[in-house]
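Just so it is clear: chains get the letters A, B, ... in the order the sequence lines come, proteins before strands, and each one is counted from 1.
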Amino acid sequence: MGDGRPQGRLIAWPWGCDAAPPRGVIIQGLTRRMLDKRFIRDNPQAVRDAVAAKGIDLDVDELLQLDQENRKLQFEVDEAQAQRRSRSKQFAKADEARRAELRAEQEAFDRQLKDNRERLARTGARLAELMLATPNIPWSGAPVGPDESANVVLRTVGTPPRFDFAPLDHVELAERRGWAEFARARRVAGERAYALVGDLVLLERAIHSYALDLLRTQEFTPISVPALVREEPLVGTGMLPKGREEIYEVPADDLFLAGTAEVALVGLHAGEILEAGQLPVRYAGISASFRREIGSASRDVRGLLRVHQFEKVEQFVLCAADEAESARWHAQLLATAERILTDLELSYEVVECATGDMGVGKFRMNDINTWFPSLGRYRETHSCSTLHDWQARRANLRYRDPDGTIHFAHTLNNTAVATPRLLAALLENHQTADAGVRVPGVLRPYLGGRELL
RNA sequence: GGUGGAGUCGCCUAGUGGCCGAGGGCGCACGCCUCGAAAGCGUGUGAGGGGGCAACCCCUCCGUGGGUUCAAAUCCCACCUCCACCGCCA
């Protein structure tokens with residue numbers, strides 16, 4: 001990696017300047033085999049701790065017990081199956097009398113086998129359910145706490161703008177300039193709907209083009225992926241089974257509207273065994289994203305901050321199962337997001353997310369919050385996550401080492417740009433006294449050189 | 001939306017109920033041969049789970065899931081994907 005944009009000064013890495021260093025050896029052993037049943041068997045306490053730190057509803061002891069029972073049943077069924085096969089072999093060579101005998105024997109035997117099979121299916125299903133609820137073990141540097149209130153600000157970069165006039169919020173500004181339709185859009189599509197108009201559309205495209213071009217210089221392959229997806233990739237990424245109410249469903253076709261391109265990006269390689277030489281896979285994924293926002297009903301209903309449908313360029317990395325490598329990519333993804341905000345001349349803060357905020361599958365998560373003058377505070381615009389092999393295990397996404405051994409890969413993702421929220425930030429931060437908007441230098445080439453909208 | 005065809009161990013392919021717990025070719029790896037190589041010859045060549053201190057052994061997987069049968073790659077049903085043609089369409 002590394003293409004000469006480390007921005008190392010800003011990056012608290014490897015382990016975060018404000019956080020304690022991890023207990024390396026222990027953490028390494030732990031995370032490398034996370035979600036592996038053998039790991040859970042060998043380190044039940046580590047899993048219990050993670051469950052507690054992340055506030056997850058999971059009975060680890062039930063899981064262990066089921067695992068044991070499941071293996072016992074599997075063993076019995078295997079043995080029985082071996083017998084059944086040998087009996088079937090004999091049948092071909094037997095005479096009629098012997099055949100009748102074998103048939104009778106087999107029948108009784110099959111009842112037992114069938115019974116065991118059913119029990120195995122039941123324990124297996126329950127075990128799978130619990131396994132899907134098993135969290136990744138968070139890195140030791142993450143603040144422990146129930147929710148985002150425990151998050152820690154690592155650093156603040158840039159300065160919020162000072163206005164010598166009364167600044168507008170992005171809704172007032174957009175409406176004054178005829179850049180957005182809210183009332184009409186809501187007649188069409190209900191609450192939180194919006195339509196961008198005129199220069200604001202051009203600005204949105206400019207931001208996406210700029211982000212895509214920046215990522216291309218880092219050898220990220222632009223890829224435009226489905227937002228309308230099946231259930232499997234949602235389970236594979238960890239969006240399901242928990243979190244169902246946040247996702248739009250299209251029941252007539254058994255499809256869902258993904259909340260992020262990450263779903264398709266992981267899904268693209270699910271079930272594959274890549275060659276080590278193909279790694280790292282780097283995508284700049286673009287797609288529409290859909291969220292029901294059920295958990296935040298009636299919050300931020302005004303404007304462009306929290307909408308049901310938005311557009312993203314997503315950074316995504318699929319790399320070898322090496323913690324140091326994943327850590328380097330995490331740093332790079334974060335640095336790129338910071339670079340984007342710096343280029344857009346926006347002030348932001350980088351946050352170390354607490355265990356209760358980071359979600360079940362994550363090892364580490366850093367949010368970036370961008371300054372919004374109308375809110376008088378920083379508000380999330382980016383989220384950078386390392387999942388180690390937790391996601392790859394679910395998606396059965398593996399690679400083969402040169403020595404022939406097969407491993408689950410590591411996955412990471414981070415927003416590059418998500419609009420229209422980021423558009424709102426640009427409008428508010430770069431507005432002029434007469435309701436114009438100054439265009440940051442990096443976007444001008446995408447807007448025919450215009451310096452002011 | 002309709003009709004027809006197809007999905008086998010990296011690739012190509014054999015295979016129509018027990019001899020397929022999958023044969024052949026290509027590729028790949030190792031060995032022999034060679035000064036070296038090619039050719040030739042030989043051997044090997046997937047994934048997952050489980051048992052055993054171990055050498056090793058067992059089970060599952062022929063797109064996926066069910067079913068029929070003593071026995072399924074092979075027969076039946078549903079689904080998925082691909083191909084062809086027809087219809088519709090940004």
Chemist: Let me see the working for Tyr446(A) and His208(A) under side chain to side chain contact (heavy atoms under 4.5 Å, CB included), right down to the final yes or no.
Modeler: CA-CA 10 Å; Tyr446(A) 302 99; His208(A) 284 102; over 6 Å; no
Chemist: Taking A90(B) as the reference, what is the distance to A6(B) when you measure between their P atoms (whole Å, please)?
Modeler: 34 Å
Chemist: Take atom CZ of Arg205(A) as the centre, draw a 6.0 Å sphere, and report whether it contains more than 12 heavy atoms from other residues, nucleotides or ligands.
Modeler: no
Chemist: If the P atom of A73(B) is compared with that of A84(B), how far apart are they to the nearest Å?
Modeler: 31 Å
Chemist: With a non-hydrogen cut-off below 4.0 angstrom, is Arg98(A) in contact with a base, only sugar-phosphate, or nothing?
Modeler: nothing
Chemist: What is the distance from CZ of Arg87(A) to P of U69(B), rounded to the nearest Å?
Modeler: 17 Å
Chemist: Scan for side chain to side chain donor-acceptor pair (under 3.5 Å) pairs involving residues 233-242 of chain A, sequence neighbours excluded, and state none if there are none.
Modeler: none
Chemist: Pick base, sugar-phosphate or nothing for Phe91(A), based on heavy-atom distances below 4.0 Å to the nucleic acid.
Modeler: base
Chemist: Students often get this wrong, so: under 4.0 angstrom with heavy atoms, is Arg117(A) touching a base, only sugar-phosphate, or nothing?
Modeler: nothing
Chemist: When you compare G1(B) with U74(B), how far apart are their P atoms, in angstrom units rounded to a whole number?
Modeler: 28 Å
Chemist: Just by distance, with hydrogens left out, do Arg84(A) and Gln81(A) show a side-chain donor and acceptor under 3.5 Å apart?
Modeler: yes
Chemist: When the nearest nucleotide of RNA chain B is assigned to Arg41(A) and to Arg230(A) on a heavy-atom basis, which residue is associated with the more 5' position?
Modeler: Arg41(A)
Chemist: Take atom CG of Leu66(A) and atom P of G49(B), then tell me their distance rounded to the nearest Å.
Modeler: 18 Å
Chemist: Provide, to the nearest angstrom, the distance between the CD atom belonging to Gln68(A) and the C1' atom belonging to G49(B).
Modeler: 17 Å
Chemist: In whole angstrom, give the distance that lies between atom CG of Leu274(A) and atom P of G10(B).
Modeler: 15 Å
Chemist: Counting just side-chain N and O atoms, does Arg99(A) come under 4.0 Å of either OP1 or OP2 of U69(B)?
Modeler: no
Chemist: Do any side-chain nitrogens or oxygens of Arg398(A) fall under 4.0 Å of OP1 or OP2 in G46(B)?
Modeler: no
Chemist: Touch check for Arg103(A), heavy atoms < 4.0 angstrom, all strands: base, sugar-phosphate only, or nothing?
Modeler: base
Chemist: Do the ring centers of His407(A) and Tyr399(A) come within less than 6.0 Å of each other?
Modeler: yes
Chemist: Rounded to whole angstrom, note down the P distance from G66(B) over to G18(B).
Modeler: 24 Å
Chemist: Taking the side chain of Arg38(A) as its heavy atoms from C-beta onward, which of G51(B), C80(B), G49(B) lies nearest to it?
Modeler: G49(B)
Chemist: Specify the residues of residues 259-266 of chain A, ordered by number, for which at least one heavy atom lies under 4.0 angstrom from an atom of RNA chain B.
Modeler: none
Chemist: Tell me which nucleotide among A71(B), U81(B), A47(B) gets nearest to the side chain of Ser88(A).
Modeler: A71(B)
Chemist: Are OP1 or OP2 of G51(B) and a side-chain N or O of Arg71(A) less than 4.0 angstrom apart?
Modeler: yes
Chemist: For nucleotides 54-59 of chain B, just jot down a letter per nucleotide in 5' to 3' order: B, S or -, based on protein non-hydrogen atoms under 4.0 Å.
Modeler: ----SS
Chemist: Quickly work out the Asn70(A) CG to G48(B) P distance and round it to whole Å.
Modeler: 18 Å
Chemist: Have a look at Arg84(A) and say if it touches a base, only the backbone sugar-phosphate, or nothing, with a 4.0 Å heavy-atom cut-off.
Modeler: sugar-phosphate
